[in-house]
Amino acid sequence: MIPIQTLRENPDYVIERLKVKNFEAKEIVQSILSHDEERRKTQKMLDEKLATSNQMAREIGILFKQGRSDEAQELKMRTAQLKEETRELSEKLASEEKNLEELIVRLPNLPAEIVKPGKSSAENEVVLQEGTLPSLESTALPHWELAQKFNLISFELGAKVTGAGFPFYVGKGAKLQRALISFFLDEAIAAGFLEFEPPLLVNEDSAFATGQLPDKEGQMYHVAIDNLYLIPTAEVPVTNLYRNMVLKHNELPIKLCAYSACFRREAGSYGKDVRGLNRLHQFDKVEIVEIAHPDQSFRVLDEMTSHVASLLRKLELPFRMVRLCGGDMSFTSAITYDFEVYSAAQQKWLEVSSVSNFTDYQANRLKLRFKDEEGKTRLVHTLNGSALALPRIVAALLENNQTPEGIRMPKALVPYTGFDLIS
RNA sequence: GGAGAGGUGGCAGAGUGGUCGAAUGCGGCGGUCUCGAAAACCGUUGACCCGGGCAACUGGGUCCGGGGGUUCGAAUCCCCCCCUCUCCGCCA
């Protein structure tokens with residue numbers, strides 16, 4: 001949620017910036033401002049009435065204590081009218097607050113200054129590209145065929161036992177999963193992130209606080225009997241650790257990381273893009289989360305992207321880093337960098353990480369604040385990024401490293417896998 | 001799943017109808033003392049909303065797990081829900 005303060009102070013700026021996300025905010029913003037004004041007027045009236053009632057109640061108490069019950073009774077009569085009025089006003093106030101909130105949540109986060117307008121991923125800017133694209137033999141196989149050939153992953157058994165998008169990893173395939181998870185976690189810990197192993201289900205409050213609800217409801221698996229949601233990313237439980245808190249400025253930044261399985265219903269996806277590991281209902285990911293001082297969040301963002309880049313370098317994968325244009329960014333993000341690795345056999349770039357600064361947007365909903373150097377309470381900035389999501393990394397590792405002898409493992413991974421070749 | 005106990009400020013914990021946003025202790029912050037620190041002592045210390053002020057600050061309102069009710073008045077009484085703890089049962 002954009003803080004109401006921002007909307008009051010700079011409505012025109014908000015409208016202008018949201019155009020970068022192709023969002024026409026003018027009507028909503030105007031509506032918000034008038035509802036806001038109405039709300040304040042109502043509250044003022046209500047507060048005055050309440051002040052009078054409080055005063056009268058106090059007087060009645062004193063009169064009773066002094067044994068002047070006739071006078072007290074008389075005063076009691078006079079509170080009836082007031083009570084009815086405050087009742088009406090507080091109902092009005094509650095409904096106006098609800099209306100206001102419903103409008104505000106419809107506004108996406110403001111894109112940062114550096115973010116350019118654009119409609120789709122075609123307009124994203126490549127800001128960094130590293131590594132040489134491998135040129136494979138014409139006999140090169142896509143990862144789903146390699147997975148079958150070397151018996152690493154079984155999509156068929158997953159489909160039999162659960163459904164499409166829930167693969168089994170087998171033998172060295174399973175070991176590779178564990179190796180990557182450990183490698184990513186160790187790297188994150190070395191970079192100063194504190195490891196958490198989170199619950200894989202969260203309650204409704206948590207899903208709201210990080211913004212999965214109400215609008216992305218259909219993307220999450222829901223356990224109806226207990227009203228719990230399977231997490232789509234570790235960001236949800238880990239960020240919610242800090243819901244409703246006031247931190248001290250010297251506690252910032254807070255750096256957290258977590259491995260988790262992630263569950264996504266991904267309704268409506270189909271075709272070649274979802275073949276093999278390209279898109280799954282359940283996958284593994286190591287997530288990094290940072291809670292930062294507002295003045296520092298863009299520096300922190302750079303640190304996070306450097307961390308992700310270093311992982312890809314160690315895995316010896318050709319990658320590029322892309323700054324998303326306004327139209328391709330998520331609702332809650334102020335700026336997002338995607339990392340993509342090149343899949344040689346599919347001859348396309350696969351997104352393996354998304355690193356975002358949510359500025360104060362998520363913090364506002366989380367009610368996550370800090371006391372600054374002057375003792376003022378302010379919203380923090382939150383950031384997160386995948387470091388990294390496994391499936392497409394595995395796809396790229398298998399495809400790019402296929403040789404006549406088998407699939408060779410990058411050096412950094414061998415201590416974790418215990419093998420350097422899959423044959 | 002069964003039985004019981006309980007949810008109060010950063011933490012611990014008192015408060016069972018009126019002057020209670022709430023005793024007390026701890027912690028935090030500021031000071032005295034000290035070369036410095038500890039100890040001791042003194043002072044101070046919640047969040048949110050609306051208004052006034054450039055600001056320090058200040059007036060009003062709300063908040064004692066959440067929601068509803070009784071009452072002139074609720075942390076305190078009643079109802080519903082949620083959560084935690086203890087014992088029993090079941091269980092990796």
Side-chain angles (χ1 to χ4, degrees), chain A residues 1-9 32-105 197 199-209 213 222-229 237 240-252 254 261 291 360 363-380:
Chain A
M1 280 158 61
I2 296 179
I4 185 75
Q5 198 71 4
T6 309
L7 290 160
R8 281 187 202 144
E9 284 166 6
I32 287 170
L33 292 178
S34 71
H35 275 83
D36 183 44
E37 190 151 329
E38 193 56 28
R39 197 202 101 239
R40 284 143 84 186
K41 248 196 274 174
T42 309
Q43 184 173 346
K44 202 176 171 195
M45 283 193 282
L46 176 62
D47 284 358
E48 280 164 8
K49 301 274 185 208
L50 285 172
T52 318
S53 324
N54 288 343
Q55 180 58 30
M56 284 170 88
R58 245 171 268 142
E59 283 169 21
I60 290 168
I62 292 164
L63 288 173
F64 271 124
K65 276 246 163 79
Q66 295 174 342
R68 296 151 72 185
S69 51
D70 288 355
E71 287 171 67
Q73 288 301 340
E74 203 179 303
L75 207 49
K76 261 166 98 164
M77 300 298 199
R78 285 167 49 199
T79 58
Q81 164 91 18
L82 205 52
K83 215 179 161 184
E84 184 53 31
E85 286 171 355
T86 55
R87 193 191 161 82
E88 279 167 21
L89 280 171
S90 60
E91 272 167 20
K92 190 174 174 207
L93 184 65
S95 89
E96 266 158 17
E97 276 170 353
K98 194 165 154 255
N99 289 340
L100 192 58
E101 160 123 3
E102 272 167 15
L103 285 169
I104 293 177
V105 297
E197 184 176 313
L200 301 180
L201 289 89
V202 293
N203 61 31
E204 216 177 343
D205 285 347
S206 296
F208 261 102
L213 292 177
H222 182 220
V223 181
I225 191 166
D226 291 313
N227 196 24
L228 296 172
Y229 293 87
N240 268 286
L241 287 169
Y242 285 88
R243 162 150 50 95
N244 235 325
M245 286 183 83
V246 181
L247 302 165
K248 300 194 183 82
H249 65 86
N250 57 19
E251 291 179 86
L252 301 174
I254 291 171
I291 297 166
D360 58 9
N364 192 31
R365 198 187 275 227
L366 283 165
K367 293 197 176 64
L368 172 49
R369 294 153 299 179
F370 76 109
K371 286 234 186 270
D372 71 9
E373 295 77 352
E374 272 114 53
K376 294 264 189 227
T377 308
R378 296 165 63 189
L379 291 167
V380 300

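Residue numbers begin at 1 in each chain, while the letters A, B, ... track the order of the sequences. This structure is a prediction, so every number in the text was calculated from the model and none was measured.
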Neighbours of RNA chain B within residues 36-60 of chain A, by heavy-atom distance under 4.0 Å:
A/R39, A/R40, A/Q43, A/D47, A/L50, A/A51, A/N54, A/A57, A/I60
For A/Y229, check ring pair (Phe, Tyr, Trp, His ring centres under 6.0 Å) against everything at least two apart and list the hits.
A/H222
Applying side-chain hydrogen bond (donor to acceptor under 3.5 Å, both in side chains) to A/Q81 and not counting sequence neighbours gives A/E85
Please measure how far the P atom in B/A5 lies from the corresponding atom in B/C64, and state the result in whole Å.
24 Å
Please compare A/K371 and A/I4 by the position of their nearest nucleotide in RNA chain B and report the one closer to 5'.
A/K371
Output the rounded distance in Å from CE (A/M77) to P (B/G73).
14 Å
B/A47 and B/G30: how far apart are their C1' atoms, nearest whole angstrom?
22 Å
If you measure from the P atom in B/G68 to the same atom in B/U62, how many Å do you get, rounded?
15 Å
For the C1' atoms, the ones on B/C49 and on B/U44, what distance do you get once it is rounded to whole angstrom?
25 Å
Which ones in residues 88-98 of chain A lie close to RNA chain B, meaning a heavy atom under 4.0 Å from one of its atoms?
none
Can you run through RNA chain B from 5' to 3' and write each base as (, ), [, ], | or . depending on how it pairs? Watson-Crick or G-U wobble, both distances under 3.5 Å.
((((((((.[[[..)..(.....]]]((((((.......))))))(((((((....))))))).[[[[[..)....]]]]])))))))....
Whole-angstrom distance between B/G28 and B/G66, as gauged at atom C1':
30 Å
When rounded to the nearest 0.5 angstrom, what is the spacing between CD1 in A/I254 and CG in A/L247?
4.5 Å
Short side-chain N/O contact to B/C29 OP1/OP2 from A/K248, under 4.0 Å:
no
B/C80 and B/U19, which share atom name P, separated by this distance in whole Å
29 Å
Using the side-chain hydrogen bond (donor to acceptor under 3.5 Å, both in side chains) criterion, which residues pair with A/K44? Sequence neighbours excluded.
none
Between A/K76 and A/V246, whichever has its closest RNA chain B nucleotide further toward 5' is A/V246
Pick the P atom in B/G21 and in B/G60, then give their distance to the nearest Å.
12 Å
Separation of the P atoms in B/U8 and B/G61, to the nearest angstrom
26 Å
Distance col, row A/E38:CD vs A/L33:CG, nearest 0.5 angstrom, shows 13.0 Å
